[in-house]
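Ligands are counted one by one from 1 in listed order, and the atoms in each one are counted from 1 as well. Treat the numbers as computed from the prediction; the structure is a model and nothing was measured.
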Amino acid sequence: MDSALKVNKGIPRPPEVNPRAGDILKKRPAKTMDLSTYLDGIKNRDISMLAQSITLIESTRPEDREKAHELISACLPLSGNSVRIGITGVPGVGKSTFIETFGKHITDSGHRLAVLTIDPSSERSKGSILGDKTRMETLANNPHAFIRPSPSGGSLGGVARKTREAVLLCEAAGFDTIFIETVGVGQSETAVHSMTDFFLLLMLAGAGDGLQGIKRGIMEMSDLLVINKADGNNVEKALQARTLYQGALRLFPPSPSSWIPTALTASSMEGTGMEKILGSINSYMNLTRCNGYFHKKRAEQAVYWMRESINDYLVSRFYDNPRIKKALPVMEQKVKEGQTDSFRAASELLDLL
Ligand code: GDP
């Protein structure tokens, strides 16, 4: 009997996405353009060209690296004119909610905001682009904001260097406020600290420092502590935590910037406390620009990144060298079998360069 209720035997639903799409995308070399196309795009504040330029600097192909270096050099004179803010805190503390709310506050006051992330564990293919876009939906649709997820994979040093280069491109494209978010609490905080002017640590009331996984060093490098989720029943606890942390911050040795770090409360969900946070950042900028610390710190950071680039270059020159490539597995085997010791083996390999 023909009836709408009759259930026909179905055919298996074909996959909506070609399962080989990932491989095809990976194999297809990225489309690259002339240096001047990238540069003009950046100068014209073309967001799509900025995104493609960042893809270029993230590329590991030697011919792209060369073009990327030229692009960065051409952008350098146009960069530097921004406030770079590092934002950290354990997962769940409310970083993305905070960035959404505080970010809107920043763009509403006439600024252009770029949000970059350092997450050495991220892999693009696992959907972190979508992840970030949905995490910060409002900002992603804000014409005055630009969100870029962490460069994928690689060592923390490599990921951090690419992010620092992306900062320069964003500045050249007219973004005057840069947020660099780190995911979780670990080594990446130090990397973010080495490329930002101001470091903001988000915390929760009620959870002990141990529970929050906050290392003393991270608190010590912070310019502002924000106790997030100060809303509903949590307001009182947040205020108590603020007093507690304020006391703890005083115990740290004075910072060479002469800035005295403070603790504030905020609710990223309800949007409270944002004005004070912006006020604190502005006071810091005024103080450090007047006393010269701002420029001194940026100059030191530039030297630090020069050294990091040298280290990166030397390491890749070593491992990419054909003679080393040939000799390395042989030497590794010899070390394994105890025919030679690690130090002698290393020295012999280095001599091959
Ligand atoms: P992240 O992992 O640090 O990026 O944290 P999220 O921004 O994803 O937030 C983690 C959870 O905390 C989410 O369920 C948010 O809705 C919630 N949350 C974030 N900020 C606030 C806040 O100010 N108040 C309250 N009550 N919840 C918040």
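Residues Arg148 and Thr55 have side chains that bring a donor and an acceptor to within less than 3.5 angstrom of each other.
Protein heavy atom in closest approach to atom 2 (O) of ligand 1: Gly92 N, 2.8 Å. Ranking protein heavy atoms by distance to atom 20 (N) of ligand 1, first place goes to Asn228 ND2, 3.3 Å. From the protein, the heavy atom lying nearest to atom 23 (O) of ligand 1 is Ser268 N, 2.8 Å. Protein heavy atom in closest approach to atom 16 (O) of ligand 1: Met269 SD, 3.9 Å. Scanning the protein heavy atoms around atom 3 (O) of ligand 1, the nearest turns out to be Lys95 N, 2.8 Å. For atom 7 (O) of ligand 1, the closest non-hydrogen atom on the protein side is Thr97 OG1, 2.5 Å. Summary of contacts: the protein heavy atom closest to atom 21 (C) of ligand 1 is Lys229 CG, 3.6 Å.
Listed by atom number, the atoms of ligand 1 under 4.0 Å from Ser96 heavy atoms are 4 (O), 6 (P), 7 (O), 8 (O). Numbered from 1 in the order shown, with element, the atoms of ligand 1 that lie under 4.0 Å from a heavy atom of Val93 read 3 (O). Close approach to Val90 involves these atoms of ligand 1, each under 4.0 Å from a residue heavy atom: 3 (O). Distances below 4.0 Å separate heavy atoms of Pro91 from the following atoms of ligand 1: 2 (O). Counting atoms of ligand 1 from 1 in the listed order, those under 4.0 Å from a heavy atom of Asp231 are 22 (C), 23 (O), 24 (N), 25 (C), 26 (N).
At a distance under 4.0 Å, no protein heavy atom can be found next to atom 13 (C) of ligand 1. By the definition of a contact as any protein heavy atom under 4.0 Å away, atom 5 (O) of ligand 1 is in contact.
Judged by distance alone, with hydrogens and angles left aside, the side-chain atoms of Arg112 form a donor-acceptor pair with the main-chain N or O of Gly174 at under 3.5 Å.
We find that Lys104 and Glu100 are not joined by a salt bridge, their nearest charged nitrogen and carboxylate oxygen being 4.0 Å or further apart.
Residue Gly94 has at least one N or O atom closer than 3.5 Å to an N or O atom of ligand 1.
Here the CG atom belonging to Asn228 is positioned 11.0 Å from the CG atom belonging to Leu201, to the nearest 0.5 angstrom. Atoms OH and CG, on Tyr38 and Asp46 in that order, are 12.5 Å from each other to the nearest 0.5 Å. Atom CG of Asn291 and atom CH2 of Trp259 lie 11.5 Å apart (nearest 0.5 Å). Taken from NE2 in His69 to CG in Asp64, the straight-line distance is 11.5 Å, to the nearest 0.5 Å.
Considering only residues two or more places apart in sequence or on other chains, Glu270 meets the salt bridge (charged side-chain N to carboxylate O under 4.0 Å, His left out) condition with none of them.
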Practice task
Assess whether side-chain contact (heavy atoms from CB on, under 4.5 Å) is satisfied between Ile42 and Leu71, documenting all intermediate values.
Solution key: CA-CA 10 Å; Ile42 288 178; Leu71 182 61; 4.3 Å; yes
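Proximity of Thr262 to Gln246: side-chain heavy atoms (C-beta onward) are separated by under 4.5 Å at one or more points.
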